[in-house]
Amino acid sequence: MIDIKLIRENPDIVFQAMAKRGESLASIDEVIELDNMHRQLLREAESLRAKRNDVSKQISKMKEKPADLITEMRCVGDKIREIESEVDQIAAKLEDKLLRLPNLPAPDVPQGKDSSDNVEVRSWGKPLEFSFTPLPHWDLGEKLGIIDFKRGVKLSGTRFYVLRGMGSLLQRSLISLMLDIHVKEHGYTEIYPPFMVKRECLVGSGNLPKFADNLYHDAEEDYWFVPTAEVPLTNLHRDEIIAPGTLPINYVAHTACFRREKMAAGKDTRGIKRGHQFDKVELYKFAEPETSDNELSKLVKDAEDICRKLNIPYRVIQLCTGDMGFAATKTFDIEMWAPGCQEWLEVSSCSNCSDFQARRANIRYRPDVESKPLLVHTLNGSGLALPRVLIAILENYQQQDGSIRIPEALIPYMNVDLIK
RNA sequence: GGAGGGGUGACCGAGUGGACGAUGGUGACGGUCUUGAAAACCGUUUUAGCUUUUUGCUAACGCGGGUUCGAAUCCCGCCCCCUCCGCCA
């Protein structure tokens, strides 16, 4: 959520920022109008309440309670209730509009309208030269008997698959490797959160109310399946004031992620690139506003480190204003090269959400004991997304005979050096 | 799922219709005293909104409704925690 005060006092800044994102500007005008109405009604209600409090005090001091005064106050009470219900309605509308406005892009984010305007920041490693035509992972996985697409569909339908034997071990080993590196070398604290959370958690992270159609939901209990560990991690400190000297806080969590992928219907239907359920190791930071930009750089480096340890070529892309996610003020994607399906795979997306989620989830900190609580900055990034790393390993490490070499760093976890 | 008990400020805990945003204690911070520390004593210690120069006003006692001129306090619904029983991994 962006600060209503900013919209109220510097609407031009907000208009310009939203224009950069390619957002419609009409809703900002609506916000301003609702805000004015809201405050005016609030003033009316509050002055009536002040009157009632005052008179009630007087009545409490009187021995004889005058009937006409009580009648008058009864009317005032009715009037207050009337205005309050109006206030509530307007406040709810205002809240909803505000919750649907995306974050403001940082000033140094390249301007653009879609992914074609994104900017490559750096790259590492060179795409391998093959002496044969490298196969896509769906062929490799099926031939090796480590990915079972047919049975995935039998169990759960399209966009589901089963990992089997070495495929399953490979994923499990990758998860352990990533967690170990982030905990032991990068200083993150490992978290195991719930995979189903309450509605307000999704509002806090920015997924609701706007993106309900990408979420799985148990209507009976009002549980929501997490589309990413970012959701529970954001809400770990919801409604808290973080003590002085505690920031930055670094968390890493491995969870399953559940997404309906309605927006992407018909896209990436082949292979394991985009499923309704996938595993991900997520990095998350709570930081002071002054350091969040620097923390984002560190977060990206921490995610990149996994790519390097797996020795897979990658590039880092900065997203332009038009391609950034809803909550982000600045985003870097990491993409691994997949020689079989001949594309760059997004294995990580690292964002600084500034105070956008903190305001929604009411997450604050005290810079020192005496100071007032301020909103923290939150940052998130994959470290990394499992299915796509699996793809990259299968396709980059494939041999002419269809076997897969195991990256050096994974051998201690798998206890084999080849899948065949 | 059933029965009983409970939810008040950073924490403990008082308060059963009127000056209670809330007694008291603990902790924290500042001061007096002290060479320094402890002890003792004095003081300060919630958040948000509105208004803003100050003063000020409003709201919040798990959450949401209701009764009342007036609710932490009475009534209704819900949530959470604890104990016992049942069930389960």
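So that the names make sense, note that chain A is the first sequence line, chain B the second, and so on, each numbered from 1. Owing to the predicted nature of the structure, the values given are computational and were not obtained by experimental measurement.
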Between [X] and [Y], does the ring centroid distance fall short of 6.0 Å?
X: Phe356(A); Y: Phe326(A); answer: yes
X: His217(A); Y: Phe225(A); answer: no
X: His237(A); Y: Tyr251(A); answer: yes

Separation between the [atom1] atoms of [N] and [M], rounded to whole Å:
N: U45(B); M: C11(B); atom1: C1'; answer: 14 Å
N: C81(B); M: U46(B); atom1: P; answer: 30 Å
N: G62(B); M: C79(B); atom1: C1'; answer: 8 Å
N: G7(B); M: U73(B); atom1: C1'; answer: 15 Å
N: U16(B); M: U8(B); atom1: C1'; answer: 14 Å
N: A89(B); M: C29(B); atom1: C1'; answer: 50 Å
N: C75(B); M: G25(B); atom1: P; answer: 32 Å
N: A60(B); M: A72(B); atom1: P; answer: 7 Å

Base-pairing string, 5' to 3', of RNA chain B - Watson-Crick or wobble, under 3.5 Å, | interstrand
((((((((.[[[..)..(.....]]]((((((.......))))))(((((.....))))).[[[[[..)....]]]]])))))))....

Per-nucleotide protein contact string for nucleotides 48-63 of chain B, where B marks a base within reach and S marks sugar-phosphate only (heavy atoms under 4.0 Å, - for neither):
SBSS-----SBS----

Between atom [atom1] in [X] and atom [atom2] in [N], what is the gap in whole Å?
X: Asp78(A); N: G66(B); atom1: CG; atom2: P; value: 12 Å
X: Glu240(A); N: U47(B); atom1: CD; atom2: C1'; value: 16 Å
X: Asp222(A); N: C80(B); atom1: CG; atom2: P; value: 12 Å
X: Ile80(A); N: U67(B); atom1: CD1; atom2: P; value: 14 Å
X: Met62(A); N: G70(B); atom1: CE; atom2: P; value: 15 Å
X: Lys57(A); N: G70(B); atom1: NZ; atom2: C1'; value: 11 Å
X: Arg366(A); N: A28(B); atom1: CZ; atom2: P; value: 16 Å
X: Met73(A); N: U67(B); atom1: CE; atom2: P; value: 18 Å

Note: for Ile59(A) and Asp88(A) on RNA chain B, the residue whose nearest nucleotide lies more 5' is Asp88(A)

Could you tell me whether Lys301(A) and Glu304(A) have a side-chain N and a carboxylate O separated by less than 4.0 Å?
no

Indicate yes or no: does Asp117(A) engage Lys113(A) in a salt bridge with an N to O separation below 4.0 Å.
no

Go through the steps to decide whether Glu343(A) and Lys273(A) satisfy the test salt bridge (charged side-chain N to carboxylate O under 4.0 Å, His left out), and finish with yes or no.
CA-CA 11 Å; Glu343(A) 63 173 315; Lys273(A) 182 180 165 194; 3.0 Å; yes

Less than 3.5 Å apart, any donor N or O on the side chain of Asp305(A) or His186(A) sitting next to an acceptor on the other?
yes

Decide yes or no on side chain to side chain donor-acceptor pair (under 3.5 Å) for Asn380(A) and Ser351(A), but give the supporting numbers first.
CA-CA 5 Å; Asn380(A) 68 82; Ser351(A) 299; 4.8 Å; no

Using atom types as modelled and distance alone, determine if a side-chain donor or acceptor of Gln399(A) lies under 3.5 Å from a backbone N or O of Tyr397(A).
yes

Carefully, step by step, assess Asp35(A) and Arg39(A) under the rule salt bridge (charged side-chain N to carboxylate O under 4.0 Å, His left out).
CA-CA 6 Å; Asp35(A) 178 51; Arg39(A) 280 187 301 159; 3.7 Å; yes

So, does Arg74(A) get its side chain near the phosphate of U67(B), meaning an N or O under 4.0 Å from OP1 or OP2?
no

